[in-house]
Amino acid sequence: MKEIEKAYEAKQFEDSIYKQWEESGAFTPKVDQDKPSFTISMPPPNATGTLHLGHASMLAIQDIMIRYKRMQGYSALWLPGTDHAGIATQNRVEKNLAEEGKSRHDLGRKDFLKEVDKFVDTSRNTIKSQIRKMGSSCDWTRERFTLDEGLSKAVRTMFTKMYKDGLIYKGDRIVNWCPRCSSTLADDEVEYKEVKDKLYWLKYGPFTLATTRPETKLGDTAVAVHPDDARYKEMIGKKYMIPGVLGDFEITVVADKEVDPEFGSGAVKVTPAHSFTDFEIAKRHGIKSKSVIDEEGKMKDNCGKYAGMTTTECRKEIVKDMEKMGLMEKIEDYDHKLSICYRCKTTIEPLISKQWFVAVDKPVIEHEGKMKTIKERSIEVVRNGEIEIIPERFNKTYFNWMENLHDWCISRQIWYGHQIPVWYCSDCDEEIVAEDAPSKCTKCDSKNLKQDPDTLDTWFSSGLWTFSTLGWPEETEDLKYFHPTSVLETGYDILFFWIARMIVMTTYGINQIPFEKVYLHGLIRTRDGQKMSKSKPETCIDPLDMIKQYGTDALRLSMVIGATPGNDLRLYEEKIAGYRNFVNKIWNASRFSLMNVEDEHLETEFDPKKHIVSKADKWIITKLQYLIKDTTENMEKFHFSEAGTKIYNFTWGELCDWYVELSKGEHLNPHVLVYVLKNLLKLLHPFIPFVTEVLWKNFKEDKMLIEADWPEFDKELLFNTEVEEMELLHQIISDIRSARAEHAVEPVKQVHAVIYAGKHKDFLEEKREPLMRMARIGELEIFEKGEKLDRAIALLTPHYEVYLPLHELIDPDKEKKRLEKELDNLKGFEKTLSGKLSNDGFLNSAPPEVVDKEKRRLKETQESLKKIEGELAHF
RNA sequence: GGGCGAUUAGCUCAGUUGGCUAGAGCACCUCGUUUACACCGAGGGGGUCGUAGGUUCGACUCCUACAUCGCCCACCA
């Protein structure tokens, strides 16, 4: 007999349980050649972030996978870490400085970075403790940070390797420039915003042409037309002087297929320095470029009176001036998409600048005797199934993105991050690339060396994540044993940002795939499908707040059940509360059991031959076996929602509603109760680790649940005959309860029941006790068969007939109506079935077992029909 | 412009290679202090499965269009 609290209070237990797990070493797998390994690299949250639902759901899903595999006997490693998130973090610190009226330039690079480190150190601890709150069973002894010693070394090593392979080059190229961040952005770091803008029609020498950016006219060097456009055929290749606000300037007319003759006037002004398309056109035709916008988004000195203005100011002025000069034909309203910075939403200025790039179309990887580009190799590993993406439909998205990949700009003009490992000699201009800072110039021995001031794109280091965290470039035991990792689990929103780059960097860098499977989860949304956004706090659910109120287990379940890979999930508080109720239900099922169990029951090992006694035992044991089978299969297929739902239904609908209820009478069998419960706790543990571990402590086991063995399906423990019988019992009880309610028989009232049970007579006789108790029967008579009773409720099925002779309590009209309704129902069913069975097509084409089933059902329906018709004849 | 997803009860969603008269949770209605749990129990109402065709003996499930909503990608100035 145990004393257990009436309700489960999560916050009383969670922190101490987590501590016990961590201290037990269960999170820290060993390199063990006798065991298979299972590895997940945790997508590193930003070091300065705080836990949001996105993290919470990823942690829940990954923890489920890891705990499951750990219980199955794998050496299961879940490697945690944090990302320095260069631009994001630097922005945060700069913002803090701005409040003190300072800029990063006031501090200088060295002191500014000290400031950032200080900030990161404290906020990293915040996110780490929040990861623990979710119950994440990750190995903190192997925790990494993208900017720590080892990873920085990995970054420099990879950069050097790529440089030597000619994969990294420096070039003047047009880039996405964020004037606010003062940095370049990769193509996929650019977002688009719908804006209502103007389309300006300019009188442009012999042309009229449309543009959204009249200020870039100052940088125009060409006009492009479609090669087949008859209107401009004569002009191709010629040069024209164009009148402008700063005087005439010269342009060349070029023909290019990119130009859409349908749009505007069919002629495009070309500003190679400030437009991606124009840059490409100019390159194709050998046109020079003229740069007129600087890195602060202001007009350059070569812009006369407009010099120093922002592009927006300049646009206003220049439009005014053009109108004065009669150069403006008309201005139309125009909707288009503006490129903005994904971090700060500032308008992007495309401009030409000297940057570092990764060449994606250069064949450098030797694979099966062929030289392949990183692009080709990255596509290949997914196409040939070495890497499997779940759900599969994202393959298409991945291929499409990869195929259209341009050279990747990896330099960023910020201070926080991995500084590019390139040094320039001030004396001889030599460029030295090295893993470690050189002490002197390799060419002229000069000690006047200056490191490239730029840092690397954050995704460069995260691209190495799966192997750099395991010790690369050292050939560590961990690396050999745990890599390639098993599953990479993350949101589909960073398929390109991160997953694609890991595939690129790993297949090239160490000639391995980074992971075997990619599991993509969806976004968590509000109840009405909105994105939760920080700018609208009322739409956000704070996971930490939910944990406080409902417990981590409830939160985890609410994010896993109902979620399918790649699809978004709507989450709301009632849902979490619902799963808190479930957690309490399992708590109370255990509480009931432990109240009815002695120490000896807990101490003896379960012996099916000795301990399985009743048909009820056989029924629940069989159901448990099927549950074990289903759950294992679903876990293997990553169907976590399905697995969770089935365990939920078993726990509530079968164990609690029936087996525990049966146990309140003469069927109490502590051995089976303990056996079922223990197995159930194991199955539930990956989903709701805390409550299951707390309960486990009552079962006198040496090991903690986290280290227990996953249950195995045992087909010796299937008792299908008993299952059928027990389900008949459930049916009778439910039927009687239903009939009582319909006739408004008070729940406390004990009724008289007569059952004609046919071949089930002995079985029901055996189950007399629960039948009477659970259906509230005072006097029960069971016969094989007998006469119909008058003034009684009649429950008529092919397997049994139940009469409840309630005499004066029965309203004959009501009973007649009830029977008629059922009759209608059955007649409809009969029609469907006999229709099917008189159809030759069905009989010939359907599989025999389906035909048999329908035949059986028709027979049963007809039997019921006959009985009810007979009954109705008496009214 | 291209691609993808969703559309099932008032709400949120299941429905696994086509085969019970379509299920669950929440909400709603009726009843309830029976040996864990009111974070509970018993019972109940509620759906022409977005629309229109097609394939099939049989379609929520497969195919084709369309509609609505949402997402992603793309250099239309």
Base-contact (B) and sugar-phosphate-only (S) positions in nucleotides 67-77 of chain B, heavy-atom cut-off under 4.0 Å, - elsewhere
------SBBBB
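- When the nucleotides U21(B), C20(B), G41(B) are ranked by their closest atom to the side chain of N825(A), U21(B) comes out on top.
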Secondary structure of RNA chain B in dot-bracket form (Watson-Crick or G-U wobble, distances below 3.5 Å, | marking inter-strand pairs):
(((((((..((((.....[...)))).(((((.......))))).....(((((..]....))))))))))))....
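- For E727(A) and C20(B), the CD to P distance is 18 Å, given to the nearest whole Å.
- In this structure, H667(A) and P770(A) approach most closely via the heavy-atom pair CE1-CG, 3.9 Å.
- Scanning for ring-ring contact (aromatic ring centres under 6.0 Å, His included) contacts around Y232(A) gives F207(A), with sequence neighbours left out.
- Within 4.0 Å (heavy atoms only), E661(A) reaches at least one base atom of the nucleic acid.
- If you measure from atom CG of D735(A) to atom C1' of G44(B), you get 15 Å, rounded to the nearest angstrom.
- Residues that satisfy the side-chain contact (heavy atoms from CB on, under 4.5 Å) test with P670(A), not counting sequence neighbours, are V597(A), H601(A), L668(A).
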The contact string for nucleotides 25-31 of chain B, one letter per nucleotide 5' to 3', using protein heavy atoms under 4.0 Å with B, S and - for base, sugar-phosphate only and none, comes out as ------S
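- The side chain to side chain donor-acceptor pair (under 3.5 Å) search around N634(A) returns none, not counting sequence neighbours.
- If you take CZ of R737(A) and C1' of U34(B), they are 11 Å apart, rounded to a whole angstrom.
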